Amino acid sequence: MPLRTILQLVGLIALSALGTMLVAVGAFGSGGLCLAGAAWWYWRVYQSGD
């Protein structure tokens, strides 16, 4: 597995975890933005894999 892919996977997991933690403590705006960013990033990575 290339290093670039591993780093992107780690970044996606970190951003998703941060967004989930923010939503859990009631920061819905910031948490939602983090989760939306992670979803967009995942979609971009998924599309580039084709």
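Being a predicted model, the structure only gives us computed values, none of them experimental.
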Report the residue from Leu3, Thr5, Val10 that forms a side-chain contact (heavy atoms from CB on, under 4.5 Å) with Leu7. Leu3

Could you pull out the closest heavy-atom pair between Leu22 and Cys34, with the gap in Å? CD1-SG, 4.1 Å

Inter-residue atom distance Tyr42.OH - Leu9.CG, 0.5 Å rounding: 10.0 Å

When rounded to the nearest 0.5 Å, the distance separating OG1 of Thr20 from CG of Leu15 is 9.5 Å

Say whether Val25 and Leu18 are linked into one hydrophobic cluster, either directly or through other cluster members, by side-chain heavy-atom distances under 4.5 angstrom. no

Show which residues join Val23 in its hydrophobic cluster (side-chain heavy-atom contacts under 4.5 Å, direct or indirect), or state none. Phe28, Leu35

Rounded to the nearest 0.5 Å, what separates atom CG in Leu12 from atom CZ in Arg44? 12.5 Å

